[in-house]
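These notes concern the structure reproduced below.
As the structure lists them, so they are numbered: ligands from 1, and atoms in each ligand from 1. Just the heavy atoms: all of them, side chains too, but no hydrogens, waters or symmetry mates, feed the values below.
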Amino acid sequence: MCGIVGYVGHRQAYPIIIKGLHRLEYRGYDSAGVALIGKDGQIGLYKCKGKVDDLERFMAGKDAESTIGIGHTRWATHGAPNDANAHPHFSQSGRLALIHNGIIENFRVLKDALISHGYTFRSSTDSEVLVNLIEYVQDTNECTLEEAVRIALRQVVGAYAIAVIKRGDPDRIIAARQSSPMAIGIGEGEYFISSDAASIIDYTQKFVYLKDGEVTTIEKGKPLQIKNLYGEPSKVDIQKLEMSISQLEKGGFPHFMLKEIHEQPDTLMDCIRGRVNPDTREIVLSGVLDNKEHFLQAGRIIFVACGTSWHASLIGEHLIENLCRIPVEVEYASEFRYRNPIIRKDDVVIAVSQSGETADTLAAIDIAKRAGAFVYGICNVVGSSIARATDSGTYIHVGPEIGVASTKAFTGQVTVMTMLALLIGKLRGTVDSAFYHEVAGALLDLPEAIRKVLKKAPEVEKLSRIFTYAHNFIYLGRGYNYPTALEGALKLKEISYIHAEGLPAAEMKHGPIALIDAEMPTVVIATLDHTYEKTVSNIEEIKARGGKIIAVISEGDTQLRHRADYTIEVPGTVECLMPIISIIPLQLMAYYIAVSKGRNVDQPRNLAKSVTVE
Ligand code: F6R
């Protein structure tokens with residue numbers, strides 16, 4: 001969370017920083033700020049509560065001329081979202097300005113020590129402690145700023161990506177990283193820094209991703225040098241990022257979320273392309289084939305993930321247990337990391353993450369690796385921390401997801417999990433060849449099926465308007481579609497702020513049915529599968545208690561068309577792929593309810609997209 005961006009070179013820094021901050025706003029949007037070094041060598045620091053637009057208004061008429069600067073968009077961890085807590089932060093003397101993404105866990109101890117040395121603080125942030133610590137270290141050691149940063153960071157416990165500039169030094173930014181992302185974009189005699197390389201893709205495609213414990217001084221016109229916290233040189237590994245700028249724009253849609261929902265036929269094709277051969281319906285995933293023995297010998301597969309990625313993993317559990325006959329566990333990464341889990345050397349741990357930066361998932365990977373397990377990643381963001389920390393993996397390749405509510409990543413993750421399960425099942429001889437080819441063929445047909453569902457958007461919009469009154473929703477599903485119910489409920493709550501609970505349909509009668517009345521709509525995924533009749537009975541139980549039913553049903557299902565109060569018909573596919581189809585109307589419904597309620601769909605309150613803190 002929090003987005004940081006910086007520039008040093010020959011261009012005007014402010015427009016680059018503002019554009020980068022807009023693109024990073026998905027990481028946090030409660031306050032924003034910039035620090036620029038003017039012609040006189042002084043640091044101009046401007047920040048305010050609110051979004052990047054508010055910062056731009058605040059900057060109107062101010063002198064922003066500078067060829068070096070750093071900027072920040074915040075998701076509050078320590079201290080309320082207000083002007084004082086916004087970044088950048090000055091050091092006590094005003095000599096240094098710093099931006100920070102992460103959490104300094106031992107900030108209280110450090111702050112007390114600095115107070116005893118006469119430091120006072122203007123904000124309640126851990127980040128201001130860090131900039132003062134760097135200043136104090138530099139003053140007491142009479143060293144360069146980079147050395148001071150290295151010495152200071154050796155005293156820090158926690159997560160950080162930081163950038164620091166110094167008054168009177170318009171050519172250098174010091175940057176460092178530990179557990180929070182930091183990409184350095186390399187131009188002609190100029191450098192860019194960002195929490196997300198995509199935000200600066202207009203200027204360069206060449207990037208270096210700092211690794212944990214690395215520090216660099218990026219200096220205008222000088223080659224890049226990277227060191228560890230003890231000053232020893234590290235390898236500079238330049239990577240190319242292929243991405244088009246149009247992927248970062250709304251493309252005529254009112255919100256990124258709606259654009260991303262509608263992109264799914266194409267993003268799924270991008271995910272499948274080159275992996276499912278349309279002629280032979282054979283699956284090729286090099287990450288699996290190159291590491292065959294781990295999957296052949298796997299005693300167990302453990303998924304670790306958070307949020308939507310955790311829901312996709314629950315579907316992965318069904319797929320792998322069904323097709324590969326390997327026992328599977330699905331863990332919240334945040335619980336796994338603190339549970340002293342039993343991990344065996346023949347376990348394969350699959351870490352699932354859209355952003356590839358989720359702190360809890362990264363920590364779970366670390367635990368699994370230390371225990372000797374083989375760790376496989378399913379990520380979207382190319383070159384992300386999780387992609388780099390895992391032994392091997394498969395990208396979902398659905399393109400940048402900017403709306404805070406995850407949509408196309410979910411369908412991409414389930415698609416990758418299906419290919420993974422089919423391939424492993426084939427390698428282990430646990431999947432019937434006809435079924436293997438049937439599911440592989442069905443994957444190729446998914447984009448068309450999703451297009452059909454998307455045509456129902458106006459119908460879903462109309463239906464959604466009816467339900468803006470509701471304060472609570474229940475979502476029900478069974479089997480492969482139980483995780484779909486969880487995901488549908490999560491979508492609704494995060495962007496409309498309506499309470500919603502996802503449940504396995506048959507669990508209703510064990511308690512939650514007590515909630516049912518005419519005010520509590522129930523969304524049921526009741527497509528034709530092997531539990532269909534049971535789900536129909538669950539619907540009857542709810543109707544008998546006066547509940548209203550919105551059902552996602554299979555095309556042509558006249559039985560439920562008449563029994564449910566409202567229905568959305570979707571095309572069929574093999575049962576294991578149904579979540580990819582049935583989630584689409586639920587994404588649309590959450591979107592339209594949120595829009596009817598006037599919510600900020602792309603930037604819902606209290607949330608941020610990339611959860612790089614615990
Ligand atoms: C929900 C959502 C979150 C993320 C979760 C994990 O719409 O976006 O629940 O799924 O924070 O994020 P990643 O997948 O980036 O690890």
Have a look at ligand 1 and work out which part of V404, if any, has a heavy atom under 4.0 Å from it: side chain, backbone, both or neither. backbone

Residues [X] and [Y] bridged, charged N to O under 4.0 Å:
X: D270; Y: R273; answer: yes
X: R177; Y: D212; answer: yes
X: K493; Y: E501; answer: no
X: E25; Y: K51; answer: no

Can you list the atoms of ligand 1 that are under 4.0 Å from a heavy atom of [X]?
X: K491; value: 1 (C), 7 (O)
X: A405; value: 7 (O)
X: S353; value: 13 (P), 14 (O), 15 (O), 16 (O)

Nearest protein heavy-atom contact for [atom]: which residue, which atom, what distance?
atom: atom 16 (O) of ligand 1; result: T358 OG1, 2.4 Å
atom: atom 10 (O) of ligand 1; result: T308 N, 3.0 Å
atom: atom 7 (O) of ligand 1; result: E494 OE2, 2.5 Å
atom: atom 11 (O) of ligand 1; result: V611 CG2, 3.8 Å

Just by modelled atom types, is the I378 backbone N or O under 3.5 Å from a matching donor or acceptor in the T394 side chain?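 A pair under 3.5 Å: no.
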
Tell me which one of C306, S309, A305, S355 gets a heavy atom nearest to atom 5 (C) of ligand 1.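 Considering heavy atoms of C306, S309, A305, S355, the nearest to atom 5 (C) of ligand 1 sits in C306.
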
Minimum side-chain heavy-atom gap [X]-[Y] below 4.5 Å:
X: L21; Y: L55; answer: yes
X: Y332; Y: C306; answer: no
X: L258; Y: L588; answer: yes

Answer yes or no for N380: is there a heavy-atom contact with ligand 1 below 4.0 Å?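 N380: no contact with ligand 1 (<4.0 Å).
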
For ligand 1, is E357 a contact, meaning one of its heavy atoms is under 4.0 Å away? no

